[in-house]
Amino acid sequence: MTKPDKKYSRETLLNIYTVMKQIRLFEETAFRFFQENKLRGSVHLCIGQEAISASVTELLDDDDYITSTHRGHGHGIAKSRDLKSAFAELMGKQTGFCHGRGGSMHICDLDKGNLGANAIVGGGLPIAVGGALAQKMRNTDRVTVPFFSDGASNQGTFHESMNLASVWKLPVIFVCENNGFGISVPISQSTSVKDIAVRASAYDMPGYVVDGNDVFSILNAFEKALSRARAGEGPSLIEAKTYRWKGHWTGDPEVYRTREEVAAWMEKCPIKRFREYLLSNKIAKEEELDAIDEQAAADVAEAAQFALDSPEPDPAHVMDGMYVEGAYPI
Amino acid sequence: MTKPDKKYSRETLLNIYTVMKQIRLFEETAFRFFQENKLRGSVHLCIGQEAISASVTELLDDDDYITSTHRGHGHGIAKSRDLKSAFAELMGKQTGFCHGRGGSMHICDLDKGNLGANAIVGGGLPIAVGGALAQKMRNTDRVTVPFFSDGASNQGTFHESMNLASVWKLPVIFVCENNGFGISVPISQSTSVKDIAVRASAYDMPGYVVDGNDVFSILNAFEKALSRARAGEGPSLIEAKTYRWKGHWTGDPEVYRTREEVAAWMEKCPIKRFREYLLSNKIAKEEELDAIDEQAAADVAEAAQFALDSPEPDPAHVMDGMYVEGAYPI
Amino acid sequence: MSIKTYAVAIRDVLAQEMRRDQNVFLMGEDIAEQGGIFGCTRDLLQEFGDKRVRNTPISENTFVGAGVGAASVGMRPVVELMYMDFLYLAMDQILNQAAKMRYMFGGKVKVPLVVRGQQGIGRGNAGQHSQSVESLLMHIPGLKVVCPSTPADAAGLLRTAIRDDNPVVFIEHKALYATKGEVPDDPEFSVPFGKSNVVREGKDVTIVGNYLYLGKALEAADLLEKEGISAEVIDPRTLVPLDTDTIVESVRKTGRLVTVHEAHRTMGFGTEIAAQVTEKAFKYLDAPPARVGAKMCTLPFNLGLENAVVPQVADIVEAAKSVLYRM
Amino acid sequence: MSIKTYAVAIRDVLAQEMRRDQNVFLMGEDIAEQGGIFGCTRDLLQEFGDKRVRNTPISENTFVGAGVGAASVGMRPVVELMYMDFLYLAMDQILNQAAKMRYMFGGKVKVPLVVRGQQGIGRGNAGQHSQSVESLLMHIPGLKVVCPSTPADAAGLLRTAIRDDNPVVFIEHKALYATKGEVPDDPEFSVPFGKSNVVREGKDVTIVGNYLYLGKALEAADLLEKEGISAEVIDPRTLVPLDTDTIVESVRKTGRLVTVHEAHRTMGFGTEIAAQVTEKAFKYLDAPPARVGAKMCTLPFNLGLENAVVPQVADIVEAAKSVLYRM
Ligand SMILES: Cc1ncc(C[n+]2csc(CCOP(=O)(O)OP(=O)(O)O)c2C)c(N)n1
Ligand SMILES: Cc1ncc(C[n+]2csc(CCOP(=O)(O)OP(=O)(O)O)c2C)c(N)n1
Ligand SMILES: [Mg+2]
Ligand SMILES: [Mg+2]
């Protein structure tokens with residue numbers, strides 16, 4: 001584990017631990033539900049990548065914004081700290097974040113600063129630029145964090161958004177969760193550079209490569225980007241190298257990688273590493289962490305049960321939410 | 001003037017001189033025709049930028065490709081060496097490159113490797129990538145040169161095309177004619193880096209900043225890029241710093257720059273500089289160059305007259321060219 | 001009332017709304033010093049400064065998307081597309097994001113974004129700078145689509161657009177910018193969405209047209225009058241929402257419908273109007289609705305060719321006579 | 001004849017055409033090792049190698065544009081869009097470039113490009129992964145638009161598409177990939193563009209539908225039969241070119257038309273068909289054509305909601321009865 005550049009309170013660290021654990025268990029439960037045919041649609045799990053969402057959002061407030069992706073459960077849970085609305089949305093229930101209209105790929109929570117997951121790869125980046133523009137025009141010191149992955153870094157919107165954020169000195173912290181693949185395509189086949197962070201230089205902004213499975217490696221870079229953004233000095237790009245343990249989506253045959261590769265990355269489990277750090281640095285005792293684990297399991301189970309018990313949206317009101325006036329204005 | 005890295009034949013150098021002069025006179029005549037209401041539409045002149053088209057195309061063959069832009073007369077003339085079809089197209093005549101269907105912004109000549117000008121800023125870059133892909137798949141050593149300007153370097157297609165060309169090691173030589181503006185917007189307002197060439201590093205390809213008003217500065221870099229491309233080693237980016245003397249289009253009020261700035265750049269006239277080089281290095285005599293100038297003037301006048309005398313396309317055949325079958329296939 | 005051009009009418013509403021509401025701001029290519037290629041933002045930089053009148057890089061998908069993002073957190077961006085043809089570069093942010101965001105998010109967000117710009121023929125700009133895009137936008141729910149044909153409508157509808165809490169695509173016509181007309185001075189003057197305008201009353205045939213084709217429909221009506229045919233001319237003004245009721249009412253009286261537009265005929269908005277009128281007024285129709293629109297041909301550069309692609313007044317007259325079986 | 005799924009029918013034609021013509025090659029996301037998310041390029045990497053089966057970065061506008069460029073110099077690229085919803089990212093290269101290139105260049109270039117991919121509901125993918133785009137594409141001249149509803153049509157029309165010298169958008173439906181049907185083994189088997197298919201003959205009402213709604217129209221026809229109503233069911237197969245003659249001929253016999261599709265109702269392709277039939281067979285029509293299509297609502301994730309947005313068999317039956325005034 002990297003050394004933290006600054007001292008964090010025990011509460012902060014345990015929050016990060018808790019959120020990582022919640023995300024992990026949430027995703028495992030979602031996976032099980034999918035296998036049991038309780039969930040429909042494409043479900044993209046972020047198991048193995050939890051440290052990034054949990055660490056970054058712990059440094060943000062509700063009026064800092066994020067945008068998220070098709071692989072957005074972790075971002076959404078971490079930003080909102082609301083397992084129930086997330087699980088209910090996965091199940092398309094009326095009690096979900098989007099009243100069942102969005103599902104797994106569209107988790108959002110404007111009240112808590114999640115401007116939304118996005119099923120269009122790279123689609124959230126311009127929206128994040130707009131969120132940051134609003135923050136800047138309102139003279140706040142708030143920031144916007146678009147999450148995206150390596151595949152998205154080859155979309156035109158990445159380039160345009162990086163450039164625009166830089167030209168306008170917007171408080172955007174671009175967080176690229178480089179998990180090595182876009183579905184089955186390894187970055188070597190899609191991306192002309194090994195480190196996506198080098199692309200920052202094309203926009204005159206700082207770029208950082210960090211270990212995405214190491215909470216402090218992430219926090220150290222993020223703090224720098226955050227100070228820069230809050231001070232009005234402009235955007236930064238952070239590339240967090242990580243890996244997804246599960247297939248691209250819940251039905252992925254995973255023809256593009258070996259079990260050994262997956263196993264090697266599982267060794268670098270961000271939760272396990274952080275747990276060991278907390279123990280060896282005597283920030284928490286084994287029992288305390290066990291208690292957190294149990295509570296997280298209970299919370300996730302409760303969220304899943306809440307989702308199961310929740311009502312379906314009423315088809316009679318299917319048009320609700322289309323226009324501000326309600327239905328189609330014809 | 002930069003020293004040439006290699007010795008060019010007198011013929012090559014005089015060709016470049018001739019083409020620059022032809023473009024200059026062509027554009028001046030087009031400007032006059034526009035003022036005299038003989039031309040309709042948006043006419044984007046490249047006066048001041050002639051060295052780039054003329055130098056680059058002199059090193060290419062007919063089966064090397066270019067793509068061009070809204071400011072495409074120079075590229076088109078240089079690649080095809082056909083003033084008549086170009087002028088006729090500007091006037092929308094049946095004898096034009098596009099039988100009057102395209103006009104100033106769509107000059108093309110597939111037979112001579114001009115895959116077309118494009119009225120969509122950045123629109124030609126993916127098409128160039130496709131041309132180069134075809135060359136590579138056919139195992140030729142031919143190359144494709146997309147011309148574009150600074151404004152286009154902020155389009156998503158720039159990023160995507162640079163990346164794709166690099167990943168696939170395609171024989172593309174990206175030539176950015178940085179003339180300092182996109183219409184009224186100076187690069188400082190639109191572009192996060194001073195030198196667009198630095199963006200090459202985001203795609204693991206060589207980038208060169210050259211003096212776009214200096215034939216040898218252009219040729220030196222282009223030769224390197226050309227060897228690399230012909231050898232199958234992949235793309236390069238060349239940024240040629242230059243300036244357009246006329247407004248963005250023929251009716252531009254030019255609120256965004258001073259006369260002094262324009263005058264300073266006119267001092268750096270690429271034709272004048274090259275002429276002086278040819279004289280002082282005794283490559284050509286004054287009279288010889290005067291003779292070339294006169295011939296160029298005669299050729300342009302002839303082309304303009306040809307255009308004037310040419311028939312309008314027949315509205316009865318307006319649909320010709322829509323589909324390969326002819327008209328709309330309903 | 002003042003006499004204003006269509007361009008100035010737009011500019012003045014932008015200025016009034018920016019004065020009224022700090023959240024309204026502008027983004028687009030060359031809108032600052034240059035005041036917009038067509039002058040629709042002239043002098044606004046001077047009054048409102050470069051924070052609220054923002055020149056953008058040539059990155060359509062992203063600056064429209066930045067509008068979506070800013071709108072989703074309560075700003076009211078008005079984003080200029082220099083030519084509506086460039087909508088195709090921003091289609092993802094318009095159709096996949098702006099139009100769908102509110103619904104996908106369970107009605108929990110408002111996206112008060114206006115995307116405005118001009119379209120159409122009139123300057124010899126050829127295929128990639130002369131298209132009409134309004135019809136395409138009608139098919140994807142979530143947007144409103146506005147087509148002003150006069151300076152007053154440009155002003156009144158733009159005010160409604162800026163104050164609307166939904167994303168609105170506001171489509172001007174380049175060849176109308178210099179046209180003049182009376183515009184109310186009242187800074188609250190607005191024209192509601194979803195009210196077709198009966199511009200000329202008549203009893204024999206209903207002609208629906210907008211933009212240049214409102215004028216041409218009126219010209220056609222004059223010519224028809226000389227032949228004893230009385231044409232009612234209606235401008236739909238907004239395509240989403242579309243007020244077909246007014247058109248249906250007219251057709252109940254005339255029994256005949258002609259739609260005309262510069263947009264391509266196939267799947268042009270006249271097709272939707274014809275279909276709706278047929279559904280709602282079938283038994284009143286004495287002839288099938290006639291659709292007049294541009295040929296299914298890319299807009300050519302050459303003027304003679306261009307005129308051969310878009311409808312002419314004579315085509316409208318002919319269509320009107322054909323539905324009256326007077327050929 | 002072999003029994004094949006729709007997905008395998010597509011894959012086999014790709015393979016056959018690649019064997020026949022060296023210029024045919026494939027580009028798209030995850031089409032190589034993965035064989036395409038829906039398996040339409042399975043094993044083609046093994047047979048044709050990575051020069052002709054090319055995984056792309058996630059850069060839709062550029063890899064479609066690369067297809068345009070390669071096609072313009074004589075290659076015959078077949079580009080896969082994983083979901084047709086991503087067309088909106090490539091709209092510039094499709095509508096401004098591919099569709100217009102030949103015309104703008106005076107007929108001097110051919111662009112034998114196929115853009116193929118799937119659309120529609122069926123996998124709970126919500127608003128940005130469930131849209132129908134065929135109707136939008138009909139408005140912009142220069143493309144051909146193909147909508148296969150069966151494995152045989154998928155095979156026969158894809159062969160025609162690959163051999164066509166114009167840009168073709170070939171739109172598959174995700175929920176049809178697993179459906180099976182007979183497909184001729186002849187590697188020259190093709191289905192011509194512009195021939196609507198009368199799938200079931202009838203005399204009382206003409207129902208036009210495609211994709212899932214061909215099946216649902218046939219179901220509706222069965223139900224109608226029980227009530228003594230004989231429905232003719234027609235699949236247009238290609239929307240550009242559109243064979244309305246076959247439909248008009250049918251309506252001359254039945255006097256009634258119902259169009260049905262998953263695409264949104266407003267400005268869905270049924271609108272164009274209804275308008276053309278009204279123009280061409282007005283005096284044969286005993287009732288106005290009825291258009292059945294998805295509500296003007298973004299496709300929701302929840303299944304119950306989704307079903308409330310798209311038409312059901314009962315809606316087709318009801319529409320048929322309504323044009324027969326049997327309600
Ligand atoms: C514009 C667009 N293109 C393609 C897809 C299909 N798709 C969904 S996820 C994905 C891979 C994304 O890769 P990456 O950005 O690395 O995200 P990760 O899945 O690794 O989190 C693709 C191609 C999409 N959803 N949107
Ligand atoms: C996609 C697109 N956006 C905007 C325009 C309008 N436009 C035409 S030229 C131009 C400026 C282009 O700047 P640059 O790329 O630097 O080319 P230059 O005019 O300097 O040659 C703009 C914005 C366009 N034609 N296409
Ligand atoms: Mg990835
Ligand atoms: Mg420029």
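The structure presented is a predicted model; accordingly, all values stated were derived computationally and were not measured. Here is the naming used below: chain letters follow the sequence lines, and residue numbers restart at 1 for every chain.
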Okay, D:Q131 and chain C: the region with an atom under 4.5 Å from a heavy atom over there is side chain
Interface check, chain D: of C:M91, C:K283, C:R265, most non-hydrogen pairs under 4.5 Å belong to C:M91
Applying a strict 4.5 Å limit to non-hydrogen atoms, the region of D:A99 in contact with chain C is backbone
Charged N to carboxylate O under 4.0 angstrom, C:E272 versus D:R291?
yes
When the 4.5 angstrom heavy-atom criterion is applied to D:L87 and chain C, the contacting part is neither
One option among C:A126, C:A287, C:G270 has the most heavy-atom pairs under 4.5 Å with chain D, and it is C:A287
Greatest number of non-hydrogen atom pairs under 4.5 angstrom with chain C, of D:I94, D:L137, D:T271, falls to D:T271
Residue from C:M104, C:Q97, C:Q93 scoring the most non-hydrogen pairs under 4.5 Å with chain D is C:M104
The residue among D:H261, D:H139, D:H264 that forms ring-ring contact (aromatic ring centres under 6.0 Å, His included) with C:H139 is D:H264
Under 4.5 Å to a heavy atom of chain C? For D:D286 that would be backbone
Q.
Is there a side chain to side chain contact (heavy atoms under 4.5 Å, CB included) between C:T298 and D:I140? Walk through the geometry before answering.
A. CA-CA 8 Å; C:T298 298; D:I140 304 298; over 6 Å; no
Expected output: side-chain D:N96 to main-chain C:Y88 donor-acceptor under 3.5 Å
no
Most contact-rich option vs chain C, by heavy-atom pairs under 4.5 angstrom, among D:G127, D:A274, D:S132, is D:G127
